[in-house]
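Reading through the structure tokens given below for one structure.
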Amino acid sequence: KQEVTQIPAALSVPEGENLVLNCSFTDSAIYNLQWFRQDPGKGLTSLLLIQSSQREQTSGRLNASLDKSSGRSTLYIAASQPGDSATYLCAVIGGANNLFFGTGTRLTVIP
Amino acid sequence: DAMVIQNPRYQVTQFGKPVTLSCSQTLNHNVMYWYQQKSSQAPKLLFHYYDKDFNNEADTPDNFQSRRPNTSFCFLDIRSPGLGDAAMYLCATSRDRYEQYFGPGTRLTVT
């Protein structure tokens, strides 16, 4: 069964710093990988989707990369802001059309 | 705006009293999902509909059922809620295996 791990579990950075969140998965036979953010008590907001044939996707200050062969993805956030504080979840889409979620990284950006 | 809507946002039910949660979407996506998320945990897929085909996860308790009367609506029925079923329930939609869009969630409390 697919297992998705995110490191670190929590991260605190001062405002303005660039940062990288890591995601690893055990089964490289994936269709897509999706990054989400979740604010406390709220639903999930989709940030980026990387299809299995792609290496990276960019949206504004966010850049996500995918290395299927090594089972890794990273989410790069440039010039972090206090509004970026949230839990970030990565999820891989498997053959049975389900999402396997990582454990999440709780990010705090300190003003 | 096209979106995924969940009602109610907060639901309180008594131990053993059946409850139904509702999800609707205006995205015309063919796949709809139900996830359960407990505090500080990643969302866990309960089941999904791919068009009209129902796909149950192997470890989803029989206490949880779902209905999809048409493309736009999907319901989650909990036949006899226990205290352990208190959680956030998230509905999501996608076009085939592509990007999943989540609703705001329904927080279920069992008293």
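Residue numbering restarts at 1 for every chain, and letters A, B, ... go by the order of the sequence lines.
Between the CD atom in Gln51(A) and the CZ atom in Arg97(B) there is a gap of 12.5 Å [rounded to 0.5 Å]. One finds the CD atom of Gln38(A) at 4.0 Å from the CD atom of Gln37(B) (value rounded to the nearest 0.5 Å). Annotation: the span from Met88(B) atom CE to Leu44(A) atom CG amounts to 9.5 Å, rounded to 0.5 Å.
Taking both residues in full, the closest heavy atoms of Gln100(B) and Ser46(A) are given as O-CB, 4.0 Å, listed atom of the first, atom of the second, then distance. Among all heavy-atom pairs drawn from Gly102(A) and Ala42(B), the shortest one is O-CB, 3.2 Å.
Tracing side-chain contacts under 4.5 Å through hydrophobic residues (I, L, V, M, F, W, Y), one never reaches Tyr35(B) starting from Tyr88(A); they form parts of separate clusters. In the hydrophobic clustering of ILVMFWY residues, with side-chain heavy atoms under 4.5 Å counting as a link, Ile93(A) and Tyr33(B) come out together. Taken together through direct or relayed side-chain contacts under 4.5 Å among Ile, Leu, Val, Met, Phe, Trp and Tyr, Ile50(A) and Phe101(A) form parts of separate hydrophobic clusters. Under the 4.5 Å side-chain contact rule for hydrophobic residues, Leu19(A) and Leu62(A) share a cluster. Linking Ile, Leu, Val, Met, Phe, Trp and Tyr whenever their side-chain heavy atoms come within less than 4.5 Å leaves Phe100(A) and Phe47(B) in two separate clusters.
The part of Leu89(A) that comes within reach of chain B is its side chain, from C-beta onward, which places non-hydrogen atoms under 4.5 angstrom from that chain. Using a 4.5 Å cut-off between heavy atoms, Glu57(B) touches chain A through its side chain atoms alone. With a 4.5 angstrom heavy-atom cutoff, Gln6(B) does not touch chain A via any of its atoms.
The backbone N or O of Gln34(A) sits nowhere less than 3.5 Å from a side-chain atom of Glu99(B) that would complete a donor-acceptor pair.
For Glu17(A), the CD atom counts as densely surrounded, since its 6.0 Å shell holds more than 12 non-hydrogen atoms of other residues, nucleotides or ligands. Counting heavy atoms of neighbouring residues, nucleotides and ligands inside a 6.0 Å radius, atom CG of Asp62(B) does not exceed 12 of them. Surrounding CZ of Arg68(B) are more than 12 heavy atoms belonging to other residues, nucleotides or ligands, all under 6.0 Å away.
Annotation: side chain of Pro43(B) is not in contact with side chain of Leu99(A) (no heavy-atom distance under 4.5 Å). With contacts defined as side-chain heavy-atom distances shorter than 4.5 Å, the pair Tyr98(B)/Tyr31(A) does not qualify.
Two rings, from Phe36(A) and Phe102(B), have their centers less than 6.0 Å apart.
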